Amino acid sequence: MLLVYGQDSVHSRIGQLVADAPDIELIAAVEGGMDGVRLARSLRPDVVLVHVHSAGIDGIEASRQITHAPWATGIRVVMLADVITETWVLGALNSGVSGFLEVESGTEALVEAIKAVARGDAHLSPAATRCVLDRVFPLTHISGSDEAEERFGDLTPREREMVSLAALGLDNKQISDRLIVSHLTVKTHINRAMIKLNVRSRAQLVAEAHRKGLVGRRSEE
């Protein structure tokens, strides 16, 4: 069950979302303020979709009041924003939201996010993930440490470059845009690197790049 909470830009997406995902039941939609919090308490939806700029109290405060309430066990919040900024992303995560993505994300991405958090997982868009990585790994850069050379020595220069960019938080589209290559080329190089390094997922690949020093911390100027 889905409760939608926010501006018209959010409400305008819901008709197509529900049409594309009939297993998602929309039970209410409000513009904001305390009405959204009260409805969440009375209706107990599985997921609340909140815009960061909801009327009355903002989306972050509304999310905090929902996720921290003793009656809200099992209720998950997905936050939407017109523009992704570190302030909004970190503020939302600190308030207890389980998902964060752009209002203009495709319907498929919205459905994926809603279903992921309903299962108890987290879902961040690539841009939101990058904000988190920039905070967790500030001043990171591509490194050439001895440990990195030993671990990643079998990669071609192009594979190594793409793994490094993935470890810095870029998704395949962002890597392809930066390197001016096709999305398929990026996917192929990333997959080859995973095979050579004997890792099973992109998350493991990124963790290995950080652990072994393929990306590191710049010294302060």
Side-chain angles (χ1 to χ4, degrees), residues 1-32 36-37 39-40 43-55 58-69 72-136 166 169-175 183 187 201-203 206:
M1 296 186 297
L2 175 67
L3 167 63
V4 178
Y5 185 150
Q7 299 178 334
D8 290 341
S9 60
V10 177
H11 294 172
S12 65
R13 305 296 308 281
I14 300 308
Q16 187 61 49
L17 185 152
V18 173
D20 288 352
D23 53 332
I24 295 178
E25 178 189 0
L26 175 64
I27 57 173
V30 295
E31 290 187 3
V37 178
L39 277 175
L43 300 177
R44 307 293 172 92
D46 300 303
V47 177
V48 181
L49 193 63
V50 181
H51 192 286
V52 71
H53 291 306
S54 298
D58 67 43
I60 289 178
E61 175 59 21
S63 298
R64 187 194 66 77
Q65 291 194 26
I66 293 170
T67 60
H68 287 68
T73 302
I75 298 178
R76 310 296 181 189
V77 177
V78 174
M79 183 162 288
L80 301 176
D82 297 309
V83 178
I84 299 293
T85 69
E86 181 179 293
T87 299
W88 288 125
V89 173
L90 297 180
L93 293 176
N94 284 329
S95 77
V97 307
S98 300
F100 198 111
L101 64 166
E102 299 88 333
V103 170
E104 294 305 317
S105 299
T107 302
E108 183 178 349
L110 285 173
V111 170
E112 181 182 352
I114 290 167
K115 290 184 175 181
V117 302
R119 294 191 303 266
D121 297 330
H123 185 100
L124 301 179
S125 72
T129 300
R130 182 63 187 271
C131 288
V132 175
L133 287 172
D134 283 347
R135 173 56 66 92
V136 175
L170 279 68
D171 64 15
N172 285 358
K173 184 181 184 304
Q174 292 169 323
I175 295 172
H183 183 277
K187 184 177 180 180
S201 69
R202 190 185 184 97
V206 168

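Remember, it's a predicted structure, so these values are computed and weren't measured experimentally.
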Checklist entry - Rounded to the nearest 0.5 Å, how far does CG of Leu93 lie from OG of Ser63? => result 10.5 Å

Next on the checklist: Can a donor-acceptor pair be found, under 3.5 Å and without considering hydrogens, that links the side chain of Ser105 to the backbone of Leu101?
Outcome noted: no

Next on the checklist: Whether the His53 and Asp82 side chains hold a donor-acceptor pair (N or O, under 3.5 Å, no angle test) is what I'd like checked.
Outcome noted: no

Checklist entry - Atom OG in Ser95, atom CD in Gln65: separation rounded to 0.5 Å? => result 10.5 Å

Checklist entry - Leu49 versus Leu80: any side-chain heavy-atom pair under 4.5 Å? => result yes

Checklist entry - So, for Leu39 and Ala28, which heavy atoms are closest and what is the spacing to 0.1 Å? => result CD1-CB, 4.1 Å

Item to check | Sub-4.5 Å side-chain heavy-atom contact between Val48 and Val78 | outcome: no

Checklist entry - What closest approach, in Å, do Ile84 and Val89 show between heavy atoms, and which atom pair accounts for it? => result CG2-CG2, 3.7 Å

Next on the checklist: Taking the side chain as everything from C-beta on, heavy atoms only, tell me whether Ile175 gets closer than 4.5 Å to His183.
Outcome noted: no

Item to check | Other residues, nucleotides, ligands: >12 heavy atoms within 6.0 Å of Glu61 CD | outcome: yes

Next on the checklist: Test side chain to side chain contact (heavy atoms under 4.5 Å, CB included) on Thr67 and Ile75; report intermediate values, then the result.
Outcome noted: CA-CA 7 Å; Thr67 60; Ile75 298 178; over 6 Å; no

Next on the checklist: Applying side chain to side chain contact (heavy atoms under 4.5 Å, CB included) to Cys131 and Thr85, what does each step give before you reach the verdict?
Outcome noted: CA-CA 7 Å; Cys131 288; Thr85 69; 6.0 Å; no

Next on the checklist: Can you give me the closest heavy-atom contact between Pro45 and Ile27, atom names plus distance?
Outcome noted: CB-CD1, 3.8 Å

For residues 121-129, dump all side-chain donor-acceptor pairs below 3.5 Å to protein atoms at least two apart in sequence or in another chain.
residue: Asp121; atom: OD2; partner: Arg119; partner atom: NE; Å: 3.4
residue: Ser125; atom: OG; partner: Glu102; partner atom: OE1; Å: 3.2
residue: Ser125; atom: OG; partner: Ala128; partner atom: N; Å: 3.2
residue: Thr129; atom: OG1; partner: Ser125; partner atom: O; Å: 3.0

Checklist entry - Quick one: are Trp88 and Val83 in side-chain contact, heavy atoms under 4.5 Å? => result no

Checklist entry - Can Asp58 and Val52 be said to form a side chain to side chain contact (heavy atoms under 4.5 Å, CB included), step by step? => result CA-CA 6 Å; Asp58 67 43; Val52 71; over 6 Å; no

Item to check | Min side-chain heavy-atom separation Arg76-Asp46 under 4.5 Å | outcome: no

Checklist outcome for this item: Residues passing the side chain to side chain donor-acceptor pair (under 3.5 Å) test with Lys187, sequence neighbours excluded, are none

Item to check | N/O donor-acceptor pair under 3.5 Å between Gln174 side chain and Asp171 backbone | outcome: yes

Next on the checklist: Going by salt bridge (charged side-chain N to carboxylate O under 4.0 Å, His left out), name the pairs with one or both residues in residues 85-95, residues two or more places apart or in two chains.
Outcome noted: Glu86-Arg135

